[in-house]
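Proteins come first, then strands; the chains are lettered A, B, ... in the order of their sequence lines, and each starts at number 1.
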Amino acid sequence: MTETAQTPNPITTIEQAGAQAGGTVTIRGWLYNMRESGKLLFPIFRDGTGTMQGVVSLKEQPEVFAALKGLPQESSVVVTGSVRTEPRAPGGFELGVTGLEIIQRVPDSAPYPIQLKEHGVDFLLDRRHLWIRTPRQAAILRIRAEAQRAARNYMDAQGYTQTDAPIFTPAACEGTTTLFEVNYIDDQKAYLTQSGQLYVEALAAALGKVYTFGPTFRAEKSKTRRHLTEFWMLEPEAAYAHLEDMIQLAEGLVSSVVQSVAKNRTRELALIERDVKALEKIVPPFPRITYDDAIKVLQKAGHPAKWGDDLGGDEETIISKEFDRPVVIHRYPTAMKAFYMATDPARPELSLSFDMIAPEGYGEIIGGGERLADYDTLVERLRAHNLPEESFQWYLDLRRFGSVPHSGFGLGLERTVAWICGTEHIREVIPFPRMLYRVYP
RNA sequence: UCCCCGGUAGCUCAAUGGUGGAGCAUUCGGCUGUUAACCGAAGGGUUGCUAGUUCGAAUCUAGCCCGGGGAGCCA
């Protein structure tokens, strides 16, 4: 592509174009769609920042008209024209096109596959690399970026240092879920991390308050709208922190992320038709109930739950529907939580754990709690969970050398963003979703 | 791994066991304010695969393949 900077008109983005009404600008992008009406063409351009309608009249711009007429969807173009206020145009502005440079013309023999109409999920996921060009998908990805930025800002402001846990790990962090095994160098086996949890504990003992924010992998055969095999998790961990500290941090983090998106991505939220009012209500403190009370709520709702049962998706939905904000459920039975979870000294059958359940049935977005600090108890738990002790020697070192109370949690980015966006499925909120039976494109 | 639903034109979907259709997309024609524009015409099919029942199967049966949703498990 040739450099077009020699054009006398300023190159601008569609997002910025409205501010230059009355002026002439150049936009570099793609032809999103085109409507024709006799001797008038209404091309709609997109450039990644938005879409803008153009107008070309045969009478006034015969050369541009001829070049544009019949140009297939998604052909790349550099267009020049005058920006003007136009109530009839979507967005309120339109571009009176006076110049057109076609960078690449999509061949007529193989037209762009994605139309401006509904498609099936399978079709779209097979063409995810093109699907992300549609305004809705682009808006969701911008909201994701805002959520990530806001999350980092909040953690940094709370005095947490961002660190990074390894992707290759020698063994499971938690014995329960399935791991992706990879061939490491010279016949060694390694696994893709399912959580940075253990490593972030070591980093907390080194740096005090830390968090990681990166991809994690779970080879679970889960086929639901809430699951991905590769997803991003933000995992804070703080030395000398207790359960209550983490619940408050989680409330602050989630509300800060939601408020930032509501404030800074209003255009995108409007485009995907998400009710901002529901988001503005997300301010701390969030409702909290104990696991004990959660069981009672379920029983009152006519659900045959009994103490000791795990809370599945249906149960979470029943509880979350009682509130219009995320709800914190804390102190689950020790038996149903990971081996490293600390127990409640007042009631040893309970763990100092908590989950945060998003409203509207989006499920668990946070899981965490206080960690076991005692060496002997931790060794007992490793054995009880049938975990290979030799792989955890470095982790046990954290209890040998200056063990302290410490706590943390994991926040699932995609579930959080899916809830904020109100998307049907979690796969829409990550650029290239990795799911059961789907690793293409 | 288990349970439920689906697979028909490029896409979204119709079609009582009796000649496989529509809208959109594509190509051609028309239209000076369109809003997934509209109007007219044309091309486009091994009905997921295999076997079976039947005079006759997109339709009924069995097996397999692929996809979706859910359970379990989890963020």
Side-chain angles (χ1 to χ4, degrees), chain A residues 32-44 51 53-61 65 70 72-73 86-92 94 96 106-127 134-136 173-178 194-197 213 215-235 250 254 309-317 336-338 355-358 361-368 409-419 424-427 429-430 435-438:
Chain A
Y32 175 63
N33 188 32
M34 186 153 57
R35 289 184 284 268
E36 295 182 35
S37 182
K39 296 178 179 63
L40 276 181
L41 297 177
F42 296 97
I44 297 174
T51 59
Q53 175 173 288
V55 184
V56 183
S57 116
L58 173 62
K59 196 172 165 188
E60 290 164 29
Q61 298 289 341
F65 188 97
Q73 190 186 359
E86 173 52 72
R88 286 171 294 187
E94 75 180 9
V106 172
D108 292 324
S109 56
Y112 188 69
I114 298 179
Q115 303 172 26
L116 280 66
K117 54 175 278 197
E118 285 184 26
H119 289 285
V121 177
D122 191 40
F123 179 82
L124 289 170
L125 282 176
D126 279 342
R127 292 157 186 80
T134 60
R136 179 184 166 81
C173 293
E174 310 172 26
T176 52
T177 49
T178 323
Q194 60 189 172
S195 164
Q197 162 72 45
F213 201 174
T216 51
F217 309 86
R218 307 247 169 122
E220 298 160 359
K221 300 213 167 166
S222 298
K223 288 182 65 161
T224 83
R225 66 190 76 191
R226 302 191 307 278
H227 287 86
L228 295 167
T229 54
E230 179 182 318
F231 66 96
W232 284 61
M233 192 150 64
L234 189 156
E235 295 180 275
V254 168
D309 288 351
D310 209 343
L311 269 38
D314 292 347
E315 291 79 17
E316 288 174 350
T317 302
M336 67 175 64
K337 284 293 175 182
D355 286 352
M356 187 183 287
I357 314 298
Y362 281 91
E364 191 181 331
I365 54 173
I366 284 178
F409 62 81
L411 173 134
L413 176 67
E414 286 77 14
R415 284 189 185 174
T416 305
V417 175
W419 158 53
E424 170 79 7
H425 199 295
I426 196 170
R427 69 190 143 212
V429 307
I430 187 167
M435 317 186 313
L436 187 63
Y437 308 133
R438 187 177 286 283

Using a cut-off of strictly less than 4.0 Å, decide whether Arg226(A) has a side-chain nitrogen or oxygen near OP1 or OP2 of rA71(B).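 Answer is yes, contact under 4.0 Å.
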
May I have the distance from [X] (atom [atom1]) to [N] (atom [atom2]), rounded to whole angstrom?
X	N	atom1	atom2	value
Lys39(A)	rG33(B)	NZ	P	11 Å
Glu315(A)	rG72(B)	CD	C1'	12 Å
Met34(A)	rA25(B)	CE	P	12 Å
His425(A)	rG69(B)	NE2	P	4 Å
Phe123(A)	rG7(B)	CZ	C1'	15 Å
Lys223(A)	rC5(B)	NZ	P	14 Å
Asp122(A)	rG48(B)	CG	P	15 Å

So what stems show up for RNA chain B if we need 3 or more Watson-Crick or G-U pairs in a row, all under 3.5 Å?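 RNA chain B forms these stems: B:1-7 with B:65-71, B:10-13 with B:21-24, B:26-30 with B:38-42, B:48-52 with B:60-64.
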
Report which part of the nucleic acid [X] touches: base, sugar-phosphate, or nothing (heavy-atom distance under 4.0 Å, all strands).
X	value
Arg225(A)	sugar-phosphate
Gln73(A)	nothing
Tyr437(A)	sugar-phosphate

Looking at Glu364(A) and Arg415(A), is any side-chain nitrogen of the basic one under 4.0 Å from a carboxylate oxygen of the acidic one? no

Kindly give the heavy-atom pair with the smallest separation between Met435(A) and Thr229(A), and that separation in Å. N-OG1, 3.7 Å

Rounded P spacing from rU47(B) to rG10(B) in Å: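 Approximately 12 Å lies between the P atom of rU47(B) and that of rG10(B).
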
